[in-house]
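These numbers come from the heavy atoms of this one structure, side chains and all, not from hydrogens, waters or symmetry mates. Chain letters run A, B, ... following the sequence lines, proteins first, then strands; residues in each count from 1.
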Amino acid sequence: MNEKPPLIGFFNQMNFLRYGMFKSASAHTMPNDWKGAISLTNHHQNESQPNKDNNQQQSSLVQKIQELGQTNVAQSPDSNIHVLPVIGQIEGHIQLPPKNKTTKYEHLIPQIIAVEQNPKVEGLIVLLNTVGGDVEAGLAIAEMISSLSKPTVSIVLGGGHSIGVPIAVATDYSFIAETATMTIHPIRLTGLVIGVPQTFEYLDKMQERVISFVTRHSSIKPEKFKELMFATGNLTRDIGTNVVGEDAVKYGLINEIGGVHQAMKKLNELIAQNKGDQDEEQVIQ
Amino acid sequence: MILYTPLSEHDIFPVDDQEYEQFKWVEVEGKMIKVQKQNDGSYTILQFLSTNPQDYLNTSYIPGQQIYLNESDS
């Protein structure tokens, strides 16, 4: 066995932390044209006091246990699959108070472009646990995911509610955890559209965009989707339906029940298929 | 208390501007991290954003890690 004693592993890691990559990019070496760029220096900089150093190493260890519940994180080889988490509320034009956990479209869209451009990335997995949020931001993310040339798979974990529904169906193949739910409801009458209060017709048109996107990217029929959307008796003082895992598959909204294992398997299948198609194209050319 | 209203909570109870200021997103080596300012001028990493699953294993970006930011003002 070639295993290192755990203590040595631990100190090695601490050295990495102390002499890590951040030091080389401290402010005085930074070029002037890096406007707004920010570099990090590590917290532990006191090198001449071994005792204090030791304490800091210990506190860092305690911190790691507090944050992650373990001292060491697993390492694995480079991944050809990237992951896009969509969590909390989908934030649109208005910044939500900091206590809200949000996904910002201005963060996600550049990442989706990076995934498309990076030749090392062969597939994208979208993890959803969202309560929904801004309609336009959600649709923008969904459109970006659906227009990716690389294979994509989504997993709905916990919840993929409201505008999370188009994002979940935007991928090539979708999974939902057995206990996960998706709330389908009409667009709400809150907020402003580009600073102007909207008319009912405008809202209706906006809703039509959601319905057409979902029905184009899944096998649910528009009639069924509308029926779920306007159902009464399921939600308190609201109309709509809370669709649980198996029902989402039954209605044709989601392809299959499953978790990480099934999603990775499917994605690898799609990647292999994609590669096969590309090879074929090259032969024809 | 239950408020039955189509308005969101923060429309009814406005949030103090200072709450926004203590959090910010910064870009470090092309990766986005959300940090919270501490009283001593340092920052604590709250959230890390990347599509590369390997980045989440990098111990330098672990949430809870205390860091100093050298901010270039110009």
Side-chain angles (χ1 to χ4, degrees), chain A residues 13 16-17 20-22 25-28 30 32 34-45 60 63-64 66-68 72-79 81-85 94-101 103-104 107-108 110-112 114-115 118 121 124-125 188-191 236-237, chain B residues 2 4-11 13-38 40-74:
Chain A
Q13 203 167 32
F16 168 67
L17 276 182
M21 54 195 97
F22 294 140
S26 57
H28 41 89
M30 207 157 63
N32 283 334
W34 270 26
K35 273 192 189 148
I38 290 161
S39 69
L40 288 179
T41 48
N42 206 285
H43 186 45
H44 318 296
Q45 282 194 322
S60 165
Q63 206 167 46
K64 225 181 257 176
Q66 279 175 346
E67 298 297 334
L68 295 172
N72 218 336
V73 283
Q75 302 289 331
S76 60
D78 262 357
S79 170
I81 290 168
H82 272 209
V83 54
L84 191 77
I94 292 162
Q95 200 186 352
L96 291 163
K99 65 170 186 252
N100 291 282
K101 196 170 256 188
T103 295
K104 298 172 202 289
H107 288 169
L108 288 201
Q111 289 190 317
I112 296 171
V115 165
N118 189 345
V121 182
L124 180 72
I125 193 152
R188 299 200 193 285
L189 293 148
T190 51
T236 317
R237 294 185 178 228
Chain B
I2 298 172
Y4 284 111
T5 167
L7 297 172
S8 51
E9 191 200 337
H10 51 88
D11 287 333
F13 304 108
V15 181
D16 194 18
D17 277 351
Q18 275 186 331
E19 273 198 48
Y20 286 100
E21 282 160 17
Q22 54 173 316
F23 301 97
K24 62 176 172 183
W25 283 94
V26 293
E27 201 181 329
V28 178
E29 298 178 343
K31 290 148 191 132
M32 301 289 290
I33 51 174
K34 187 185 186 184
V35 292
Q36 182 176 24
K37 196 166 191 167
Q38 303 297 312
D40 63 350
S42 69
Y43 288 86
T44 303
I45 298 180
L46 290 182
Q47 200 186 334
F48 175 68
L49 191 78
S50 169
T51 54
N52 189 348
Q54 300 307 314
D55 287 344
Y56 289 87
L57 304 179
N58 186 340
T59 47
S60 315
Y61 302 122
I62 288 176
Q65 189 83 17
Q66 218 174 0
I67 54 168
Y68 285 97
L69 300 176
N70 293 325
E71 292 161 73
S72 56
D73 295 323
S74 59

query: For A:K104, is it the side chain, the backbone, both or neither that has a heavy atom under 4.5 Å from a heavy atom of chain B?
result: side chain
query: Side chain, backbone, both or neither: which part of A:I81 has a heavy atom under 4.5 Å from chain B?
result: backbone
field: Heavy-atom closest contact (A:S79 atom, B:Q54 atom, distance)
entry: CB-NE2, 3.7 Å
field: Residue B:Y20 versus chain A: region with a heavy atom under 4.5 Å
entry: both
message: Does any part of the side chain of A:V83, heavy atoms only, come nearer than 4.5 Å to the side chain of B:T51, both counted from C-beta?
response: no
message: Just verifying a value: how many Å separate A:K99 NZ and B:E19 CD, rounded to the nearest 0.5 Å?
response: 7.0 Å
Min side-chain heavy-atom separation B:P53-A:H82 under 4.5 Å: yes
Toward chain B, the part of A:V115 with a non-hydrogen atom under 4.5 Å: side chain
- prompt: At a heavy-atom separation under 4.5 Å, does B:Q36 approach chain A through its side chain, its backbone, both, or neither?
  reply: neither
